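Comments concern the structure below.
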Number of protein chains: 2
Amino acid sequence: MQSSHEQFRELAWKCGLAATHQRQVIYEAVVAMPGHYSPESIFAEVRRRTPSISLATVYKNLRLFVAHGLLREVSPHASTLLVEGNLEPHHHLVCTRCKAVQDIEGDFINYKKLSRHAPRGFDLTQPLVEVFGLCRRCSAKK
Amino acid sequence: MQSSHEQFRELAWKCGLAATHQRQVIYEAVVAMPGHYSPESIFAEVRRRTPSISLATVYKNLRLFVAHGLLREVSPHASTLLVEGNLEPHHHLVCTRCKAVQDIEGDFINYKKLSRHAPRGFDLTQPLVEVFGLCRRCSAKK
DNA sequence: TTGTTAGATGAGAATGATTATAATCCAAGA
DNA sequence: TCTTGGATTATAATCATTCTCATCTAACAA
Ligand SMILES: [Mn+2]
Ligand SMILES: [Mn+2]
Ligand SMILES: [Zn+2]
Ligand SMILES: [Zn+2]
């Protein structure tokens with residue numbers, strides 16, 4: 001079993017990316033825990049180890065990791081970036097009021113019907129969906 | 001059959017909103033045609049009739065109309081606002097590359113399974129979903 | 001009709017998330 | 001160790017959207 005340090009260096013090598021210290025700590029900050037993280041929260045975490053790091057570097061590398069499949073972008077359409085380390089395909093539940101995002105398990109999509117209704121040429125391999133509703137907190141306060 | 005002018009005045013009255021000229025033309029610009037419209041595109045359309053109108057007024061009243069249910073916000077989570085006049089519940093297909101949004105018909109959600117997996121307290125009345133994929137144009141160019 | 005006023009509008013400044021720029025730095029191969 | 005292309009940093013710029021506030025007007029009462 002390799003250290004997370006070595007694991008990242010191997011992933012970076014596979015993608016042809018330089019394994020810099022900044023990339024190391026950014027990647028580890030996201031992968032260390034399950035959950036959805038904003039660039040700002042990752043920045044706050046990562047600058048504890050590397051105080052000189054810049055927020056622009058965090059943004060740039062999160063986008064880079066997403067492009068290379070090392071991380072997943074939580075919502076490909078959202079107004080602010082969120083990433084997660086969980087690469088297992090799963091869907092999300094979004095609160096329309098406060099925009100909080102949480103995972104939802106379960107097989108509630110009929111993919112056959114779905115692709116039947118998709119327009120010609122639309123690529124639905126790996127169809128991910130986002131379900132909108134009101135989270136407990138928001139639905140509580142009327 | 002009443003004119004769209006009268007129709008809007010009645011809707012505004014029901015919501016307790018002043019039926020101003022600006023609101024009239026904004027509402028009519030969206031409702032006149034099916035489709036998804038941005039504040040900028042509505043602004044461009046509306047200033048032809050009312051050159052003195054301000055973009056801020058367009059934004060403010062689109063949000064107001066959405067809040068009162070006169071218009072629908074296409075995606076409650078998106079990075080830029082889109083509205084539509086079609087109030088019939090329907091889902092959307094979003095291109096993860098270019099963010100284009102199109103309607104998708106069909107009953108491909110198993111609501112029973114869905115609500116079984118939703119966390120306690122999450123309000124799923126009117127569960128709308130957004131399905132992600134690649135539009136024809138984007139999937140064509142590799 | 002006229003006067004009153006709460007609410008609506010318009011112009012421009014402010015905001016906040018994100019990206020671009022350009023000078024400096026450094027990881028990795030020779 | 002040397003070289004070099006990519007990476008990083010600080011900062012400026014962008015862009016959609018919202019805020020501020022002075023001005024305007026629709027709706028109601030007189
Ligand atoms: Mn998730
Ligand atoms: Mn639609
Ligand atoms: Zn909420
Ligand atoms: Zn596309």
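Source: prediction; values computed, not measured. Just the heavy atoms: all of them, side chains too, but no hydrogens, waters or symmetry mates, feed the values below. Sequence lines set the chain letters: A, B, ... in the order given, protein chains first and strands last, and positions in each chain run from 1.
Residue B:Trp13 contributes atom CH2, which lies 17 Å from atom P of C:dG7 at whole-angstrom precision. Taking atom CZ of B:Arg23 as the reference point, atom P of D:dC24 lies 18 Å away to the nearest angstrom. For the pair B:Phe8 CZ and D:dA26 P, the computed distance is 13 Å after rounding to whole Å. What separates NE2 of A:His77 from P of D:dA16 is a distance of 14 Å, to the nearest Å. What separates CD of B:Gln24 from C1' of D:dT25 is a distance of 16 Å, to the nearest Å. As rounded to whole Å, 17 Å separates atom P of D:dC24 from atom CD1 of B:Ile53. Distance A:Asn61 CG to C:dT19 P: 13 Å, rounded to the nearest Å. Rounded to a whole Å, the CD1 atom of B:Ile26 is 12 Å from the C1' atom of C:dG10.
Apart from B:Leu87 itself, the hydrophobic cluster it occupies contains nothing, where clustering links Ile, Leu, Val, Met, Phe, Trp and Tyr at side-chain heavy-atom distances under 4.5 Å.
Transitive grouping of hydrophobic side chains (ILVMFWY, heavy atoms separated by less than 4.5 Å) brings A:Leu71 and A:Leu11 into a common cluster. B:Ile53 and B:Leu62 fall within the same hydrophobic cluster, where Ile, Leu, Val, Met, Phe, Trp and Tyr residues are linked whenever their side-chain heavy atoms come under 4.5 Å apart, directly or through other members.
In this structure, a donor-acceptor pair under 3.5 Å is absent between the side chains of A:Ser75 and A:His92. A donor atom on one side chain and an acceptor atom on the other are not found under 3.5 Å apart for B:Asp107 and A:His117.
A side-chain donor-acceptor contact under 3.5 Å links A:Thr96 to the backbone of A:Gly133.
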Distances for protein N/O vs nucleotides 17-21 of chain D N/O pairs under 3.5 angstrom?
| from | atom 1 | to | atom 2 | distance (Å) |
| --- | --- | --- | --- | --- |
| D:dT17 | OP1 | B:Leu81 | N | 2.7 |
| D:dT17 | OP2 | B:Tyr59 | OH | 2.1 |
| D:dT17 | O5' | B:Tyr59 | OH | 3.3 |
| D:dT18 | OP1 | B:Arg63 | NE | 3.3 |
| D:dT18 | OP1 | B:Arg63 | NH2 | 3.3 |
| D:dT18 | OP2 | B:Arg63 | NE | 3.3 |

Polar-atom pairs under 3.5 Å, protein N or O versus N or O of nucleotides 23-28 of chain C: list them with distances, or write none.
| from | atom 1 | to | atom 2 | distance (Å) |
| --- | --- | --- | --- | --- |
| C:dA28 | OP1 | A:Ala19 | N | 3.4 |

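Under the 4.5 Å side-chain criterion, counting only non-hydrogen atoms from C-beta, A:Lys99 is in contact with B:His77. Annotation: side chain of A:Leu124 is not in contact with side chain of A:Tyr111 (no heavy-atom distance under 4.5 Å). Looking at A:Val31 and A:Phe8, their side chains never come closer than 4.5 Å, going by heavy atoms from C-beta outward.
Applying the 4.0 Å criterion to OP1 and OP2 of C:dG10, one finds that B:Thr57 has a side-chain N or O inside that range.
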